[in-house]
Student: 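Before we start, here is the structure in question, set down as structure tokens.
So you know, we letter chains A, B, ... as the sequences are listed, proteins then strands, and number each from 1. Everything numeric here is computed off the predicted structure, so don't read it as measured data.
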Number of protein chains: 2
Amino acid sequence: MKNSHSYQINEKVYEQGEAATYIYQVVSGAIRVFSKLNNGYRQIGSFFFPGDIFGLEPGARRRWSAEAVVEATTVRLTKRKVVVQKAQSNLSLARGLWNLTARDLLHADHHRVMLGLVTAEERMAAFILEMNSRIGVDGEIDLPMKGTDIGNYVGLREETVARVISKLADKGVLRGNGSSRWGRRLNLRRHERLRAMLPPSSLLELPPLSEKLIQTIFSKP
Amino acid sequence: MKNSHSYQINEKVYEQGEAATYIYQVVSGAIRVFSKLNNGYRQIGSFFFPGDIFGLEPGARRRWSAEAVVEATTVRLTKRKVVVQKAQSNLSLARGLWNLTARDLLHADHHRVMLGLVTAEERMAAFILEMNSRIGVDGEIDLPMKGTDIGNYVGLREETVARVISKLADKGVLRGNGSSRWGRRLNLRRHERLRAMLPPSSLLELPPLSEKLIQTIFSKP
DNA sequence: CGCCGGATTGATCAGTTTCAAGGCATGTGG
DNA sequence: CCACATGCCTTGAAACTGATCAATCCGGCG
């Protein structure tokens, strides 16, 4: 396998339980990482967008599965074992990886607080603000994932997702693209109204990744 | 402050937003770590029991609050800054701290999958199994926290917690202490029945902490 | 013995899921 | 260029689960 790869929409990148062979960085497209629950439910743990690194595991096994959200999602990859071993003797790399794990923790903590939120509206507000800070440009959010995925991330059914978005649109908090339907594009009109629905602790702001670290991880030896 | 401290029941150890001054290890009693939500709700993120280390943060601020669950909860403590700084030049310590962060991540991931579970019974099953693996001895679980805390951890109201436990007792999966009431002591009769309610991925087994790491962290310089 | 914190149980209520039916946009083939 | 199929979003109505509100119980303790 070369040091980059492209996936079709919904194609599997890796699966829960497998050996964790690679660390990935999204180049284009988007990735969803999820865990299978009972009854065909799945809990999505994260979405990853260009620039994000994913697939570094604390242990040697995949604890989640990963799939491409959109057609032609491409990633860079590098052997996990090599990187981890290099960190055994490279303090700065070790601290870099520690930092990556810490980011994952920050996100996981943020996510579980979100899942603890009581109402559907609160959870959607948290989701929208998270996506805005990750892939929003100037209040325009182009969501690559479908409603079902959003539901699997925030713990709601896709119908509820649609209903909440409609309601928020009615309230003037945001708008879809033109008509009342959102069509995967949101136009945030009033941040504050969403913020106001949430406890202060439920916002997440991550510092940018160190470019140097990325190079250390993905450079050819 | 000495290098150990004892707290009264419900006494605050630290609070969300504060500077993170210490790293702690529970000596006796139990700690709950939580985040305030709206409407007086709180999301409990973890319970810590004797031997557990808590309070190492990825950043310099407390992202959660911590309180003593029971009277006379005692902890060891050490200056976070000193330890983190030592890790700047000590590879093995750095890897140890990385490992601690990784544990937190493992737990957080486990917890958010639990919060994504659909029914009250599933969530309680996951909780009971988690507590069994943490503080259960031979199927006997002495829970130090009250029903409200359990609810705040699994995302249910205290009444629902009681109802589910009653139902599980009726089903013969577990028993309270003598009468139909559980009184904070559970006797697990049929593990498998609880397991069977859950997706395979939702079990968490952590390796024991390295004794050497603990000493490095808490030893007097 | 009476008080108190917490657990339990019962009876509604409310919000989300579920089931079902369209709607809209896109793409494909004739 | 239109007819139709597909995938997803949207909306409606009914069913259900857990939340709420309220009362009671239980064990421990002053």
Student: Measure the distance from CG on Asn152(A) to P on dT17(C) and round it to the nearest whole Å.
Tutor: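 These atoms are roughly 11 Å apart.
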Student: Relative to Phe34(B), does Arg42(B) satisfy both conditions: NZ or CZ under 6.0 angstrom from the six-membered ring centre, and within 45 degrees of the ring's axis?
Tutor: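 Because its charged atom sits under 6.0 Å from the ring centre and within 45° of the axis, Arg42(B) does stack over Phe34(B).
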Student: Would you mind reading off the distance between Lys167(B) atom NZ and dT8(C) atom P, rounded to a whole angstrom?
Tutor: 15 Å
Student: Using whole Å, what does the distance between atom P of nucleotide dA25(C) and atom CZ of Arg185(A) come to?
Tutor: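 Going from Arg185(A) (CZ) to dA25(C) (P), I get 15 Å.
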Student: If each of Val118(B) and Glu158(B) is mapped to the nucleotide of DNA chain C with the nearest heavy atom, which maps nearer the 5' terminus, i.e. the 5' end?
Tutor: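 The answer here is Glu158(B).
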Student: From dT11(D), dG18(D), dT8(C), pick the nucleotide closest to the side chain of Ala162(B)?
Tutor: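 Of dT11(D), dG18(D), dT8(C), dT8(C) is nearest to the side chain of Ala162(B).
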Student: Name the orientation class of the two ring planes belonging to His107(B) and His110(B) (parallel below 30°, tilted from 30 to 60°, perpendicular beyond 60°).
Tutor: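 Tilted: the ring planes of His107(B) and His110(B) meet at 30° to 60°.
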Student: Would you say dT16(C) has OP1 or OP2 under 4.0 Å from some side-chain N or O of Thr160(A)?
Tutor: no
Student: Should the pair Arg63(B)-Glu57(B) be classified as a salt bridge under the 4.0 Å nitrogen-to-oxygen rule?
Tutor: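 Answer for the salt bridge query: yes.
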Student: Contact class for Gly151(B) vs. all strands (heavy atom < 4.0 Å): base, sugar-phosphate, or nothing?
Tutor: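 Gly151(B): no heavy atom of the nucleic acid under 4.0 Å.
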Student: Looking only at the side chain of Ala120(A) (C-beta and beyond, no hydrogens), which of the listed nucleotides dT16(C), dG6(C), dT11(D) gets closest?
Tutor: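 Nucleotide nearest to Ala120(A)'s side chain: dT16(C).
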Student: Could you state the CG-P distance from Leu156(A) to dT17(D), rounded to the nearest angstrom?
Tutor: 18 Å
Student: Can we say Glu15(B) and Arg62(B) salt-bridge, meaning some charged N sits less than 4.0 Å from an Asp/Glu carboxylate O?
Tutor: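 No, Glu15(B) and Arg62(B) are not salt-bridged.
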Student: Rounded to the nearest angstrom, tell me the gap between atom CD in Glu122(A) and atom P in dG15(C).
Tutor: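 Distance, rounded to whole Å: 12 Å.
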Student: Name the residue closer to the 5' end of DNA chain D, choosing between Glu121(B) and Lys146(A) according to the nucleotide with the nearest heavy atom.
Tutor: Lys146(A)
Student: Please tabulate, for side-chain N and O atoms in residues 167-174 of chain A, each donor-acceptor pair with protein atoms closer than 3.5 Å (sequence neighbours left out).
Tutor:
unit_1, atom_1, unit_2, atom_2, d
Lys171(A), NZ, Glu121(A), OE1, 3.3
Lys171(A), NZ, Glu121(A), OE2, 3.2

Student: What's the OH-C1' distance between Tyr41(A) and dT16(C), to the nearest Å?
Tutor: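 Value for this atom pair: 10 Å.
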Student: Please name all residues satisfying ring-ring contact (aromatic ring centres under 6.0 Å, His included) with Phe218(B), sequence neighbours left out, ordered by chain then number.
Tutor: none
Student: Please tell me which of the listed nucleotides, dA19(D), dT17(C), dG6(C), lies nearest to the side chain of Arg184(B)?
Tutor: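 Per side-chain heavy atoms of Arg184(B), the pick is dG6(C).
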Student: Please evaluate residues Gln43(B) and Leu115(B) with respect to the criterion side-chain contact (heavy atoms from CB on, under 4.5 Å), reporting the C-alpha separation (whole Å), side-chain torsions for both, the decisive distance (0.1 Å), and the verdict.
Tutor: CA-CA 11 Å; Gln43(B) 175 65 48; Leu115(B) 289 172; 4.0 Å; yes
Student: Whole angstroms only, please: what is the CG-P distance between Leu37(A) and dT17(C)?
Tutor: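 Roughly 14 Å, once rounded to whole Å.
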Student: Got a list of protein N/O to nucleotides 19-21 of chain C N/O distances below 3.5 Å?
Tutor:
unit_1, atom_1, unit_2, atom_2, d
dC19(C), N4, Glu159(A), OE2, 3.3

Student: Rounded to whole angstroms, how far apart are CE on Met124(A) and C1' on dT10(D)?
Tutor: 14 Å
Student: Using a cut-off of less than 4.0 Å, is there contact between a side-chain N or O of Ser166(B) and OP1 or OP2 of dT9(C)?
Tutor: yes
